[in-house]
Amino acid sequence: MNSNTFRMPARRISVVAITTALAAGPAALVGAGSAQATGGGDGTRGGRADAVVLRTGLDVSLLNKTVNVPLKVALNEVQAPASAEKTALTARLDGVEGGQPFSVLRADVATARATVKGGRAEGYSNVARAKVHVPGLPLLSLIEVDQVTSKAVCEAGKRPVAEANLLGAVTVLGKKVTLTASGTTEVKVPGVGEVRLDLSRTRTTSRTAAATALQLKVSVNPLKLNVAEVEGTVTLAGAGCESPVGKPREETGTEPQGKPEQPVESKTKPQTEANLAETGGSSVTPYVAGGAVALLAAGGGVVTLSRRRRG
């Protein structure tokens, strides 16, 4: 009776031990699989591009006021990813021309484009047959150009490139001028003022590029339309960019049919797992060993009970 009393618990213990040991193996494998890292993407990050057709930073002094009226406007100023095209820009200043809007720029073509895609950032601007006016000079253009373009390209892993071009004639305050490829050109008109022009200014660093087709330093004294003096800067056709970080992501095809997928290993392993790997073991080894011990213990218990029953 005593042996019969202990026989069923012994069997139950052995079954439970075996079941636990077998269940521990898959559980350990599943746990290890879910803990493995899949790795991060290797695509590019960031990157910037911008472009502008016209930007002014002018201070307008009025005859009947002691303060300056700022004229800060921009035409087709875009940042990636964007594009714009507008051929006219007007502004309105209190105390100038009775508060009526006046034309700052008119052009046949005025395009700005900025894009960041596939590890490449690019800014581009183009202005053709354009006239720029400032307050107090309604009939006389500050500058007239046939065509100016700027381009800045920043590509991951490559040196940034910036370029600016001026094509055709340039007229400043009614005077045709010849601009040099480098340096500064000054134009002075008695009774009107003076303009200093910088042509095709470019700048590059290890990750950035900037280009300006024309930058004007303006100082005019029209003494008309309640305007005493206009000073500041005017920029025509500007572009800039900053390189994305990293390498462009490569396009990958699908795996051939029938080829088994390879498990992805974790890039960072705990110290204990690394030590096990050096001795030929793995993170599952403790679970397998525990299951083996449980099986041995259960087997030993069955044998002992069987001997007692026979005895």
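Keep in mind it's a predicted model, so treat the numbers as computed, not measured.
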Q: Any sub-3.5 Å donor-acceptor pair from Arg92's side-chain atoms to Gly99's backbone N or O?
A: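 Here the side-chain-to-backbone pair exists.
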Q: Is it possible for you to say whether Val52 and Leu71 belong to one hydrophobic cluster, with membership spreading through side-chain heavy-atom contacts below 4.5 Å?
A: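 Looking at the clustering, Leu71 is in a separate group from Val52.
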Q: What's the verdict on side chain to side chain contact (heavy atoms under 4.5 Å, CB included) for Glu77 and Arg55, showing C-alpha distance, side-chain angles and the deciding distance?
A: CA-CA 8 Å; Glu77 187 172 24; Arg55 183 186 295 115; 2.9 Å; yes
Q: I need the Ser125 OG to Lys151 NZ distance, nearest 0.5 Å.
A: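 NZ of Lys151 is found 11.5 Å from OG of Ser125.
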Q: Side chains of Asn126 and Thr149: do they bring a donor and an acceptor to under 3.5 Å?
A: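 Note: Asn126 and Thr149 side chains miss the donor-acceptor criterion.
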Q: Any carboxylate oxygen within less than 4.0 angstrom of a Lys/Arg side-chain nitrogen, looking at Arg120 and Glu155?
A: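 Answer for the salt bridge query: yes.
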Q: Taking side chain as C-beta onward, heavy atoms only, is Val227 less than 4.5 Å from Val96?
A: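 Val227 reaches Val96 side chain to side chain.
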Q: Quick check: closest heavy atoms across Ser243 and Cys154, and the distance to 0.1 Å?
A: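 Looks like OG-CB, 3.2 Å.
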Q: Is there a path of hydrophobic side-chain contacts, each under 4.5 Å between heavy atoms of I, L, V, M, F, W or Y residues, that connects Leu173 with Val234?
A: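 Yes; tracing contacts between hydrophobic side chains, which count when under 4.5 Å, links both residues.
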Q: Is Pro138 close to Phe102 at the side-chain level, that is, under 4.5 Å between some pair of heavy atoms?
A: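 No; the side chains remain at least 4.5 Å from each other.
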Q: Kindly indicate whether the side chain of Val127, heavy atoms from C-beta on, has any atom under 4.5 Å from the side chain of Val109.
A: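 Answer no - side chains too far apart.
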Q: Is Val189 reachable from Val170 through a run of I, L, V, M, F, W or Y residues, each pair having side-chain heavy atoms under 4.5 Å apart?
A: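 Same hydrophobic cluster.
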Q: Of the non-hydrogen atoms in Ala239 and Tyr124, which two are nearest, and what is the gap between them?
A: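 The answer is CB-N, 4.0 Å.
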Q: From the options Leu105, Val230, Val218, select the one residue that forms a side chain to side chain contact (heavy atoms under 4.5 Å, CB included) with Leu142.
A: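 The single option meeting the side chain to side chain contact (heavy atoms under 4.5 Å, CB included) with Leu142 is Val218.
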Q: Quick one, Arg207 with Glu242, criterion salt bridge (Lys or Arg N to Asp or Glu O under 4.0 Å). Give me CA distance, side-chain angles, the key distance, then yes/no.
A: CA-CA 6 Å; Arg207 287 192 57 209; Glu242 181 178 357; 3.4 Å; yes
Q: Using a 3.5 Å distance criterion without hydrogens, assess whether the side chain of Asn76 forms a donor-acceptor pair with backbone atoms of Ala110.
A: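 Confirmed, Asn76 side chain pairs with Ala110 backbone.
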Q: Show the nearest heavy-atom pair for residues Cys241 and Val153, with the distance to one decimal.
A: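 Minimum heavy-atom contact is SG-C, 3.4 Å.
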Q: Measuring from atom CD of Glu231 to atom CG of Asn221, what distance do you get when rounded to the nearest 0.5 angstrom?
A: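 One gets 9.5 Å once the value is rounded to the nearest 0.5 Å.
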Q: For a side chain to side chain contact (heavy atoms under 4.5 Å, CB included) with Leu93, tell me which candidate from Val60, Leu62, Asn226, Leu58 qualifies.
A: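 Testing Leu93 for a side chain to side chain contact (heavy atoms under 4.5 Å, CB included) against Val60, Leu62, Asn226, Leu58 leaves exactly one candidate, Val60.
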Q: Measuring from Asp50:CG to Glu122:CD, what's the distance to the nearest 0.5 Å?
A: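 Between Asp50 CG and Glu122 CD, I get 12.0 Å after rounding to 0.5 Å.
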Q: Should Thr233 and Thr56 be marked as a side chain to side chain contact (heavy atoms under 4.5 Å, CB included) after you check the CA-CA gap, both sets of side-chain angles, and the distance that decides it?
A: CA-CA 6 Å; Thr233 60; Thr56 67; over 6 Å; no
Q: Okay, side chain of Ser141, backbone of Glu144: is any donor-acceptor separation there less than 3.5 Å?
A: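 Pair absent, no side-chain N/O of Ser141 close to backbone of Glu144.
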Q: Calculate, to the nearest 0.5 Å, the distance between atoms CG and NZ belonging to Leu75 and Lys86 respectively.
A: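 Here the interatomic distance stands at 6.5 Å.
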Q: Is there a side chain to side chain contact (heavy atoms under 4.5 Å, CB included) between Asp198 and Thr185 once you walk through the steps?
A: CA-CA 7 Å; Asp198 290 323; Thr185 300; over 6 Å; no
Q: With side chain to side chain contact (heavy atoms under 4.5 Å, CB included) as the test, pick out the partner of Leu216 among Val134, Leu197, Val132, Val172.
A: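 So the option named by the test is Leu197.
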Q: To the nearest 0.5 Å, how far apart are NE2 in His133 and OG in Ser103?
A: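 His133 NE2 to Ser103 OG: 5.5 Å, rounded to 0.5 Å.
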Q: Please examine the side chains of Thr235 and Leu214, heavy atoms only from C-beta on, and report whether any two atoms are closer than 4.5 Å.
A: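 No - every pair of side-chain heavy atoms lies 4.5 Å or more apart.
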Q: Does CZ belonging to Arg106 count more than 12 external heavy atoms closer than 6.0 Å?
A: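 At most 12 heavy atoms, drawn from other residues, nucleotides or ligands, come within 6.0 Å of this atom.
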Q: Would Val177 and Thr171 count as a side chain to side chain contact (heavy atoms under 4.5 Å, CB included) if you check the C-alpha gap in whole Å, the side-chain angles of each, and the deciding distance to 0.1 Å?
A: CA-CA 6 Å; Val177 298; Thr171 302; over 6 Å; no
Q: Please find the pair of heavy atoms, one from Lys175 and one from Lys188, that lie closest to each other, and give the distance.
A: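 Taking every non-hydrogen atom into account, NZ-O, 3.6 Å.
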Q: Side-chain donor-acceptor pairs under 3.5 Å in residues 159-167, sequence neighbours left out?
A:
none

Q: Quiz question: by atom type and distance under 3.5 Å, do the side chains of Thr212 and Gln215 form a donor-acceptor pair?
A: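 Gln215 and Thr212 do not have a side-chain donor-acceptor pair below 3.5 Å.
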Q: Val104 and Val69: same hydrophobic cluster, using ILVMFWY side-chain contacts below 4.5 Å?
A: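 Yes, it is one cluster - the side chains of Val104 and Val69 are joined through contacts under 4.5 Å.
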Q: Sub-3.5 Å donor-acceptor pair from the side chain of Ser83 to the main-chain atoms of Arg113, do we have one?
A: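 Not confirmed, Ser83 side chain does not pair with Arg113 backbone.
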Q: Search all heavy atoms of Ala107 against all heavy atoms of Ala130 and return the closest pair with its distance.
A: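 The pair with the smallest heavy-atom distance is CB-CB, 3.7 Å.
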